[in-house]
Amino acid sequence: MDSDASISPRRPSCYSDSGDSSCSEPFSECGSDDLSFNPAAAAGIHRLLLSCAAEASEDSISSLVAELESPSASVDSLRRAAMELRLLAKHNPDNRIRIAASGAVRPLVALLSHADPLLQEHGITALLNLSICDENKAIIVEAGAIRPLVRSLKSAASPAARENAACALLRLSQLDGAAAAAVGRAGAIPLLVSLLETGGPRGKKDAATALYALCSGARENRLRSVEAGAVRPLLDLMSDPESGMVDKAAYVLHSLVGFAEGRSAAVEEGGIPVLVEMVEVGTSRQKEIATLSLLQICDDNAVYRTMVAREGAIPPLVALSQSSSARAKLKTKAESLIEMLRQPRSASLRARPAAIVAAE
């Protein structure tokens, strides 16, 4: 899936499980819009790719949209028109604006309900490519794309189409809090949790990225994620360095432990040992996000503090607080957590002196 657009701090910004620690968060946009064709079609598709990389005229785009809207169009002609719009939107930023302005979005949304699986995939991925442009997100939402995309996430014939639907929903959820809430209300979150559990490597990454965006964009989606069982697969991924998903899963979990139900689920699912081990042996980013999550879990709960202390969290936290490579802000947080663990029945962060809280 395409990844041309830059995103704000609330949006996923960069992957770090590859070992790159230069970014502040472990997310990026979704993967690329990959097209696969049989060898017999390769030469023609190559020519089409080259032509679609250039700017398209308004007349040529209008002609493709008219083909999609024609009640007499054959499935083959619909496939051709949808694929060309998909490729035009993939390769050229100006084309994205022109295609949306031409009225293409509603007929593309209609393709998601077509009986032909390939037409569904072209429609899904064309919408994904159009959504790279921030100006198009509202147009796509207003065209009623969210619920058809959620249905596609559940039942599209190909894994690629389901993954592209997940990424399209991610992009639309970045429009504003209302859009993120609408994606959650449409039933996307249980499907994303399922993709996180059973998808391939790309599907898991897309699901984690989408869950992070949805939970960041609308608080109600955090409860939906916990109720959908997101905590267990997140902890499983955090415990498996080979998954390439440790950082991503840890950031999603951190977004969930910011409220009581998320904290309870994390503890009940065995999250404390996972987080303590991450503080002890994780990368610098993993140590930081694990410390922040443990702070959330321990705040205002003496029982959880005792559990964390008994798990052996204090020695690695002391080492972190004394590390010359750790950021000053992280050292302060580690020290605050150490104080909590040594005095488990002391006041919570919310009741501590303003100067200490401000320093954190």
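Quick caveat, the model's predicted, so the values are computed rather than measured.
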* Asked: Do the non-hydrogen side-chain atoms of L112 and L127 ever get within less than 4.5 Å of each other?
  -> yes

* Asked: Does any N or O in the side chain of R263 come within less than 3.5 Å of the main-chain N or O of V257, such that one atom is a donor and the other an acceptor?
  -> yes

* Begin with the C-alpha distance, continue with both residues' side-chain angles, and end with the deciding distance and a verdict on side chain to side chain contact (heavy atoms under 4.5 Å, CB included) for N301 and V267. => CA-CA 12 Å; N301 193 308; V267 173; over 6 Å; no

* Taking all atoms of both residues into account, what is the closest heavy-atom pair of A166 and L153, and its distance? -> CB-CD1, 3.9 Å

* For residues Y304 and S264, determine if any side-chain heavy atom of one lies less than 4.5 Å from a side-chain heavy atom of the other. => yes

* Asked: Do the side chain of K137 and the main chain of L172 share a donor and acceptor less than 3.5 angstrom apart?
  -> no

* Got a donor-acceptor contact below 3.5 angstrom from the S323 side chain to the L320 backbone? -> no

* Asked: Got a donor-acceptor contact below 3.5 angstrom from the R79 side chain to the L119 backbone?
  -> no

Pairs of donor and acceptor atoms involving the side chains of residues 226-236, under 3.5 Å and at least two apart or interchain, shall be tabulated with distances.
| residue | atom | partner | partner atom | Å |
| --- | --- | --- | --- | --- |
| R232 | NE | D236 | OD1 | 3.2 |
| R232 | NH1 | E269 | O | 2.5 |
| R232 | NH1 | E269 | OE1 | 3.3 |
| R232 | NH2 | D236 | OD1 | 3.0 |

* To the nearest 0.5 Å, what is the distance between CG (L341) and CD1 (I338)? -> 8.0 Å

* Option from L292, D299, L317 for which side-chain contact (heavy atoms from CB on, under 4.5 Å) with L337 holds -> L317

* Asked: Are the side chain of S70 and the backbone of A66 linked by a donor-acceptor contact shorter than 3.5 Å?
  -> no

* To do: Using the test salt bridge (charged side-chain N to carboxylate O under 4.0 Å, His left out), find all partners of E220 that sit at least two apart in sequence or belong to another chain.
  => R185, R224

* Run the side chain to side chain contact (heavy atoms under 4.5 Å, CB included) check on L196 and V252 step by step: do they pass? -> CA-CA 12 Å; L196 189 69; V252 180; over 6 Å; no

* Taking atom CD of E67 as the centre, does the number of heavy atoms from other residues, nucleotides or ligands within less than 6.0 Å exceed 12? -> yes

* Would you name the heavy atoms of A266 and I297 that are closest together and state the gap between them? => CB-CD1, 4.4 Å

* **Main-chain N/O of D59 paired with S63 side-chain donor or acceptor, under 3.5 Å** => no

* Asked: So, does N221 use its side chain to make a donor-acceptor pair with the main chain of L214 at under 3.5 Å?
  -> yes

* Does NZ in K331 sit with more than 12 non-hydrogen atoms of other residues, nucleotides or ligands closer than 6.0 Å? -> yes

* Go through the steps for E335 and S321 under the test side-chain hydrogen bond (donor to acceptor under 3.5 Å, both in side chains), then give the verdict. => CA-CA 6 Å; E335 290 166 357; S321 70; 4.8 Å; no

* To do: Check the hydrophobic clustering (I, L, V, M, F, W, Y; side-chain heavy atoms under 4.5 Å; chains of links allowed) and say if V274 and V281 are grouped together.
  => no

* Asked: Taking atom CG of L191 and atom NZ of K154, what is their separation to the nearest 0.5 Å?
  -> 7.0 Å

* Distance-only, no hydrogens or angles: does the R222 side chain make a donor-acceptor pair with backbone N or O of C215 under 3.5 Å? -> yes

* Asked: Do L68 and L78 touch side chain to side chain, with heavy atoms closer than 4.5 Å?
  -> yes

* Supply the atom-to-atom distance R162 CZ to E121 CD, rounded to the nearest 0.5 angstrom. => 10.5 Å

* Compare every heavy atom of R96 with every heavy atom of N136, then report the nearest pair and how far apart it is. => ND2-O, 3.1 Å

* Between E84 and R80, does at least one N-O distance fall below 4.0 Å, as a salt bridge requires? -> yes

* Asked: Would a distance-only check, ignoring hydrogens and angles, find a side-chain to backbone donor-acceptor pair under 3.5 Å from S173 to L170?
  -> yes

* How close do M245 and A208 get, heavy atom to heavy atom, and via which atoms? -> CE-CB, 3.7 Å

* Asked: Has the side chain of D247 got a donor or acceptor atom that lies under 3.5 Å from a matching backbone atom of R285?
  -> no

* Quick one: CE on M340 to CG on L294, what's the gap to the nearest 0.5 Å? -> 10.5 Å

* Structure fact -> What one should report as the nearest heavy-atom pair of A82 and H122 is CB-CB, 3.7 Å

* When rounded to the nearest 0.5 angstrom, what distance separates CD1 in I139 from CD1 in I97? -> 7.5 Å

* Cluster overlap V109 with L118, hydrophobic side-chain contacts below 4.5 Å -> no

* Asked: How many angstroms lie between atom CG of N164 and atom CG of L169, to the nearest 0.5 angstrom?
  -> 11.0 Å

* Asked: Would you say the side chain of R151 lies within less than 4.5 Å of the side chain of S113, judging by non-hydrogen atoms?
  -> yes

* To do: Return the minimal non-hydrogen interatomic distance between A165 and I124, and the atom names on each side.
  => N-CG2, 3.5 Å

